[in-house]
Amino acid sequence: MTSMSYTCRLLPTCNETKVSKFLHLIQSSCQLFSTVANSLQFDSWEHRDEEKDVDFNLLFRSCTKLHHVKRLQARLLVSGRAESFFLSRLVNLYAHFGDVSFAEKAFNHIPNKDIYAWNSMVSAYVGNGRFYKTVAFFYELLYASGLRPDCYTIPPVLKACKDIVNGKKVHCSILKMGFEWDVYVGASLINMYSRFGSLEAARMLFDHMPVRDRASWNAMISAYCQNRNGAEALRVVEIMRAEGIRMDAVTIASVLPICAQLDDIVTGKLMHLYAIKCGLEFGLFVSNALIDMYAKLSTLGHARRVFDQMMERDIVSWNSIISAYEQNEDPITARSFFDKMQQAGIGPDFYTLISLSSIVAKFCDYRHARSLHGFIMRRSWCAEEVVIGNAIVDMYAKIGDLDSARAAFEWLHIKDVVSWNTMISGYAQNGLASEAIELYRMMEDCEEMIPNQGTWVSILPAYSHVGALQQGMRTHGTVLKNGLYLDVYIGTCLVDLYGKCGKLDDALSLFHEVPRESSIPWNAMISCLGVHGGGEKALKLFREMLAEGVQPDRVTFVSLLSACSHSGLVSDGQQCFETMQEKYGIKPNMQHYSCMVDLLGRAGHLDKAYSLIKSMPLQPDAAVWGALLAACRLHGNSQFGKYVSDHLFEVESENVGYYVLLSNIYAHIGNRDGVTKVRTSVRDKGLKKTPGWSSIEVNNNVDVFYSGNQTHPKSDEIYEELRALTEKIKTLGYVTDISYVLQDVEEDEKEHILMGHSERLAIAYGIISTPPRNPIRIFKNLRVCGDCHNATKFISKLTEREITVRDSNRFHHFKDGICSCGDYW
DNA sequence: CTAGGGTTAG
């Protein structure tokens, strides 16, 4: 207290922040003092014996604990003062401490229930989440009590309405009783309609209100905010201020989230400034909203400062700062805040667990994932159950444990659209496209599941991944029917689908229909041109992008650099790499470096590629060294290849693909010892090759072939066709290159292994299943094998078919014995 | 003594 009065004297010399902080301190201290005082008071009163002197009004005000209320109730009964007035206040107190059943008992004890008693019970139900009960209780009051509700009854009942039908029914009752012009009722009605998205109804009520106070304005503003109509919300704020009504903490807390939605940091900062000016910046709601807004606008420093400056923090504050770091890709700090929260004695709630599941997923921590799952299972989350269940599904999917994800998905009592979307995209993003497609088919069979934007952006990449063009087109049709085709994300997925399925013209014309303010569709289109070997076109599109004022990001440059690399545009690529850093201030990441190493290495500048690696500020990963190793293979430099592979196996010793690459290098120069060494080390390490697969779509159906697989129903025909093809192309000059086979077997066996490569099985299946001279499109998950590449050239000439093979790297368009990549791949 | 408008989400 002494220090406080001292500070008071210093106050005139303080700046505004300090004054505002100080005022806040006084406020919260006052609350604390009065709570302590009341509590002491309760104890001193209770021990007095002379009952006639007891001032029950004072005792009611002194209850700070649930047991106070119970003792007070006993006292009331003993002194014969259990009248409606006091018992109703007991109901309020029990409700305040969260004990609904005691509130009900007290209510039932009331002899002649007046409207105040009923109102107290209504509030008791609402305040403790018994929404269904509240509405039923209201109708009991209306039809069975013989009493007339007053305007205190209505707002809590409106709050309890969980669907529009009930809401409208209550609205009717209000009209019949003539309460519609009460300010409190008005704000509640606006709020109710806004909850169900009926903004027109809300606005109509608002416009017709004869008296409006600040809460009415706030109700209208938050109605727009919560329905994501930020622009209209800000317009209402303007009108409100024009009418001379000041914004308060509620207005600010409502408007801040839309600043984040509209990506409008200027308005956000103005709101913050206004809050500082009015001394509202340390309010709990305002601070929490500020943290969230700054986090969403990726200005973590501001969010952190607001959090650090807070006088008191509640669970929302902690949740907001945790999710701030989680969403800005800093799971380590996020988790440290979670630890601090627990140290502060605050238990996790629904929102905390949602963030936590994302954090655990980012750590790829299977054990923590399981324990979090268990922790959640042991508690019931009622209405929030779906959301949290979906978060669990997503968590397992992100870790890559699709079996656990599917189990959690199946276990959900209620599945909503998001559950399905999460599971579908989980499969799709882990490369399990067939599972994603299968699940989407199941979803289509559930009539009550209406697919939405999230569904399309989950399923379209799966089609794109396996080249299911016909099914993708069917989905495109469904999207058009839903009127969603202009959505940037869906549009981009469709551009990607057509582009990746070889329909470059369709991709381009779609690209012109999609909104193009953001870099997302541009990046997709540039990448498509790149994989088709259209480096020049990609560069041209990039220039158009700049001319339209679209800001390129790091993804843009990844697409661009890889486009240059595929087309051998070395100097253009180098220039892009420089522009990216100098003009756009983007620091190159691992992907950019591996593109550059690929670009230089492919063109034969192995030394330049190597010195780029040496100059990297990051620790080069397997992709970077792998690109260089592939370049050594392309240019037949086995000595350097060995050196590079030593580095490569230091950072990644499990990927068989790289061993195959090294063995190819040795085999190509006839170094049998080298080949044997590589083979032995693969065997000793017990490594398994990533199963290679190729897919082809015939008659709306995608068939997937694995290497050496003979389980396909037409397997015999396929092998027969392949044998015949091989004989014929040999007469055209094809020579088998067995250096692509790692296995230690006889030469004719090697030939057989090459023949069983998935891409060849798919091509042969295409040939026997489609009419002569029809084009064939193949998808392969790995890079196409060099011998298969050569064989395909001959097959295209022999069968007079255009054969397109999209591998994990680029497009190969075979026509008349020539490949579009010019063997530069 | 009882009532309205506000922050965090898959």
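Side chains are part of it too, since the values below use all heavy atoms of this structure and drop only hydrogens, waters and symmetry mates. Letters A, B, ... mirror the listed sequences (proteins, then strands); counts begin at 1.
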Proximity to DNA chain B (any heavy atom under 4.0 Å), residues of residues 407-415 of chain A only
none
Check every strand shown and say whether Asn57(A) touches a base, only sugar-phosphate, or nothing at a heavy-atom separation below 4.0 Å.
nothing
Val393(A) near the nucleic acid: base, sugar-phosphate alone, or nothing, with a heavy-atom cut-off under 4.0 Å?
nothing
Winner on side-chain proximity to Asn319(A), out of dT8(B), dG6(B), dG4(B), is dT8(B)
Kindly list each side-chain donor-acceptor pair under 3.5 angstrom involving residues 192-200 of chain A, sequence neighbours excluded, with atom names and distances?
unit_1	atom_1	unit_2	atom_2	d
Tyr193(A)	OH	His171(A)	ND1	2.7
Arg195(A)	NH1	Asn191(A)	OD1	3.1
Arg195(A)	NH2	Leu158(A)	O	2.8
Arg195(A)	NH2	Cys161(A)	O	2.9

Can a side chain N or O of Asn191(A) be found less than 4.0 Å away from OP1 or OP2 on dG6(B)?
yes
Given dG5(B), dT2(B), dA3(B), the nucleotide with the shortest approach to the side chain of Asp182(A):
dA3(B)
Can you tell me how far the CD1 atom of Ile450(A) sits from the CE atom of Met443(A), to the nearest 0.5 Å?
8.5 Å
Counting side-chain heavy atoms from C-beta on, which of dG4(B), dG10(B), dG6(B) comes nearest to Gln327(A)?
dG10(B)
With the side chain defined as heavy atoms from C-beta on, Val316(A) is closest, among dG4(B), dT8(B), dG5(B), to dT8(B)
Which is true for Cys225(A) with a 4.0 Å heavy-atom rule: it touches a base, it touches only sugar-phosphate, or it touches nothing?
nothing
Nearest whole angstrom, please: distance from the C1' of dA3(B) to the CD1 of Ile190(A).
15 Å
I'd like to know whether the aromatic ring centres of Phe137(A) and Phe107(A) sit less than 6.0 Å apart in this structure.
yes
Within this structure, what is the CG-to-P distance between Asp349(A) and dG10(B), rounded to whole angstrom?
13 Å
I need the Ile322(A) CD1 to Ile359(A) CD1 distance, nearest 0.5 Å.
6.5 Å
I need the CG-P distance between Asp248(A) and dT7(B), as an integer number of Å.
13 Å
Give a yes or no on whether a donor-acceptor pair under 3.5 Å exists between the nucleobase atoms of dG10(B), that is its base, and the side chain of Asn421(A).
no
Nearest whole Å is fine: how far is dG5(B) C1' from Leu199(A) CG?
15 Å
Rounded to whole Å, the CG-P distance (Asn119(A) to dG4(B)) equals 11 Å
Indicate, with a heavy-atom threshold strictly under 4.0 Å, whether Asp314(A) touches base, sugar-phosphate, or nothing.
nothing
Using side chain to side chain donor-acceptor pair (under 3.5 Å) as the criterion, list what pairs up with Asn229(A), not counting sequence neighbours.
none
Quick one: is dT8(B) close enough that its OP1 or OP2 comes under 4.0 Å of any side-chain N or O from Gln226(A)?
no
Would you say a side-chain N or O of Ser323(A) is under 4.0 Å from OP1 or OP2 of dT8(B)?
no
Given dA9(B), dG5(B), dT7(B), identify the nucleotide with an atom nearest to the side chain of Tyr351(A).
dA9(B)
Identify which nucleotide among dT7(B), dG10(B), dA3(B) has an atom closest to any side-chain atom of Pro155(A), counting heavy atoms from C-beta outward.
dA3(B)
Distance, rounded to the nearest Å, where Phe138(A) contributes CZ and dT2(B) contributes P
20 Å
Qualifying side-chain hydrogen bond (donor to acceptor under 3.5 Å, both in side chains) pairs, either residue in residues 230-241 of chain A, two or more places apart
Arg203(A)-Glu232(A), Glu232(A)-Arg235(A)
Consider only side-chain N and O atoms of Asp99(A) and Asn128(A), and report whether a donor and an acceptor are under 3.5 Å apart.
no
For Lys113(A), the side chain to side chain donor-acceptor pair (under 3.5 Å) test, sequence neighbours excluded, returns none
By a strict heavy-atom criterion of less than 4.0 Å, which residues belonging to residues 285-301 of chain A are in contact with DNA chain B?
Phe285(A), Asn288(A), Asp292(A), Lys296(A)
Closest nucleotide among dA9(B), dG4(B), dG6(B) to the Ser254(A) side chain:
dG6(B)
Quick one: which residue pairs count as a ring-ring contact (aromatic ring centres under 6.0 Å, His included) with a foot in residues 213-244 of chain A, not counting sequence neighbours?
Phe206(A)-Trp217(A)
Please report, rounded to the nearest Å, how far the P atom of dT2(B) is from the CZ atom of Phe86(A).
14 Å
Measuring from the side chain of Ser320(A) (C-beta onward, heavy atoms only), which nucleotide among dG4(B), dT8(B), dG6(B) has the closest atom?
dT8(B)
Could you pull out all donor-acceptor pairs under 3.5 Å where a side-chain atom in residues 339-346 of chain A meets a protein atom, sequence neighbours excluded?
none

So Ser120(A), base contact, sugar-phosphate only, or nothing? Heavy-atom distance under 4.0 Å.
nothing
From the set dT2(B), dG6(B), dT8(B), return the single nucleotide nearest to any side-chain atom of Pro257(A).
dT8(B)
Pairs flagged by salt bridge (Lys or Arg N to Asp or Glu O under 4.0 Å) wherever residues 315-327 of chain A is involved - sequence neighbours left out
Glu326(A)-Lys362(A)
Leu90(A) CG to dT2(B) C1': how many Å, rounded?
14 Å
Side chain of Ser123(A): nearest nucleotide among dA3(B), dG5(B), dG10(B)?
dA3(B)
